[in-house]
Amino acid sequence: MISNPVAPTGADFIHFYSAGRVAQMFGFSSVYNLDLQQKIEEEVVGSDMPEGQILPYNHIPYLVPFLRLLVSSSYVDSFIRWVIILLTLFITGTLIFLRSNFPDQSWFDSLTLLGGAVIFYPFFISLLMGQDSVILYFGVALLSVGILKKNDWLAGMGLALVTVRPHIFLALAIPIFIRFIRVWWRFFTPTLFLVVFSIAILGTSGTKEFVDVLLITAGGNWFGMNQAVMFNLLGLLLRIFPFVDETIIRFISWGGYIFGIGLLIVMWSRVKMPDEHLLGLSIIGALFFAPHLHYHDLTVLLLPILLTIKVITPFLSFPKSSTLFAGASSALFVSAAVLPIYFILPYLLYITLTWILLRQTREMLFLNV
């Protein structure tokens, strides 16, 4: 794809590139100016784009200084550098997670898990599209390790990185804050720095344009949102009920999002200490109920799969339990060739992982008072 003169311009990376180039040419305060973003994207595509057809940069401002340093006048070279950085960050986060959760495994078993993680199909798609799902993955990995190891600072840093997807951040953070208020202070420090830093580089006008872009894209009708192909509750409802007005479906999905957060609050309030079961269930719940979730964000589903392997390994040999990993990744890859299975399989994974994790934790969650 990267060697094709046209294909890379259709990747999501184009709006990260436009943000970096706008910052270079016009300053940080202009990053969320849609006219300037369109100007850059038209240069990459090589033709004029109709109004409203650009892919807007609607991500967190604190990524922009990094993007400014990363990109150059060569779109393809910038894309390659971006992918290398994402791959490095993914491997680093996976190694931290594996070392924490599988400390007694042999080097061969650890290498097997790492190799399986690198070829996890949603992660491959995230690289192919040039998306920043790896930052979300890295944050959730640090959050999980911090909670399991009772390292509040690590958990707080992980949560701060999860803000790259605010809707997933809220679904994970609210239950954690209510149950473990001490994490709030560890989270508040790095996040306050990121917020102040973002406002400082954007200024008043840039911050206003950032909010405007968020409001425009949150409506779901802007070019590239494609809510009907999402892998969350919203996407499921849109595909099952195509005859129902989309406004009603969105209203229901936002209600489901609030319900999902409430359910996670109940689950976290009923445990004395969080474990692999609760973390895995929380991540799955945050993904399913999130109002915005494309296939590349399923990279994070790798963590509940690894947590499930850890849970079932005492009852099965490691080679047998790790077949869940190989089976899930292989099935996701094969499903790309069969559209109905492609849209159904992630939900089957949600259900399967939830069932396995709930088998041993249901008494703790529903009978503990």
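Since we're looking at a predicted model, the values are computed, not measured.
Between F90 and Y137, the gap from one ring centroid to the other is short of 6.0 Å. Taking the six-membered ring for Trp and the full ring otherwise, Y350 and F231 have centroids separated by 6.0 Å or more.
Residues satisfying the ring pair (Phe, Tyr, Trp, His ring centres under 6.0 Å) test with F210, not counting sequence neighbours, are Y32.
T163 contributes a side-chain N or O that, together with a main-chain N or O of A160, makes up a donor-acceptor pair within less than 3.5 Å. In this structure, the side chain of Q24 engages the main chain of V71 through a donor-acceptor pair within 3.5 Å. Although no hydrogens or angles enter the test, the distance criterion places no donor-acceptor pair under 3.5 Å between the side chain of T352 and the main chain of L349. Without hydrogens or angle criteria, Y62 side chain to P65 main chain gives no donor-acceptor distance under 3.5 Å. A donor-acceptor pair under 3.5 Å links the side-chain atoms of D275 to the main chain of L278, judged by distance alone. A donor-acceptor pair under 3.5 Å links the side-chain atoms of Q37 to the main chain of Y57, judged by distance alone. S74 contributes a side-chain N or O that, together with a main-chain N or O of D77, makes up a donor-acceptor pair within less than 3.5 Å. Not a single donor-acceptor pair under 3.5 Å links the side chain of S100 to the backbone N or O of F97. Formation of a donor-acceptor pair under 3.5 Å by the W82 side chain with backbone atoms of L70 is not found in this model.
Closest approach of L287 and N232 over heavy atoms only: O-CB, 3.8 Å. The nearest pair of heavy atoms linking P56 to L34 is CB-CD2, 3.8 Å. Nearest approach of V64 to A19, heavy atoms of both residues: CG1-O, 4.4 Å.
At a cut-off of 3.5 Å, with distance as the only test, a side-chain donor of H59 or D132 sits close to an acceptor on the other residue. Residues R21 and S78 have side chains that never bring a donor and an acceptor to within less than 3.5 angstrom of each other. Between Q38 and E42, the side chains place a donor N or O and an acceptor N or O closer than 3.5 Å (distance only, hydrogens not considered). Side-chain contact, S133 with D297: a donor N or O sits under 3.5 Å from an acceptor N or O.
Environment of CZ in F26: crowded, with over 12 heavy atoms of neighbouring residues, nucleotides or ligands closer than 6.0 Å. In R239, the CZ atom is crowded: over 12 heavy atoms of neighbouring residues, nucleotides or ligands sit closer than 6.0 Å.
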message: Determine whether Y75 and V45 satisfy the following criterion, side-chain contact (heavy atoms from CB on, under 4.5 Å), listing intermediate values before the conclusion.
response: CA-CA 10 Å; Y75 177 79; V45 174; over 6 Å; no
task: Take L279 and L307 through the side-chain contact (heavy atoms from CB on, under 4.5 Å) test and state the conclusion after the steps.
output: CA-CA 8 Å; L279 280 172; L307 289 171; 4.0 Å; yes
- request: Go through Y257 and H167 one step at a time and tell me if the side-chain contact (heavy atoms from CB on, under 4.5 Å) criterion holds.
  value: CA-CA 9 Å; Y257 180 59; H167 43 283; 3.8 Å; yes
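Under a hydrophobic clustering in which Ile, Leu, Val, Met, Phe, Trp and Tyr are joined whenever their side-chain heavy atoms come within less than 4.5 Å, directly or via other members, M157 and V162 fall into different clusters.
Here the straight-line distance linking atom CG of L306 with atom CG of L302 works out to 4.5 Å at 0.5 Å rounding. Taking CG from L303 and OG1 from T308, the interatomic distance works out to 10.5 Å, rounded to the nearest 0.5 Å.
The cationic group of R250 does not satisfy the cation-pi geometry with F241, failing either the under 6.0 Å distance to the six-membered ring centre or the 45° limit from the ring axis.
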Could you give the side-chain donor-acceptor pairs of residues 115-126 under 3.5 Å, partners two or more places apart or in another chain?
{"unit_1": "S126", "atom_1": "OG", "unit_2": "F123", "atom_2": "O", "d": "2.5"}

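Below 30°, between 30° and 60°, or above 60°: for F289 and F259 the angle between ring planes is above 60°, a perpendicular geometry.
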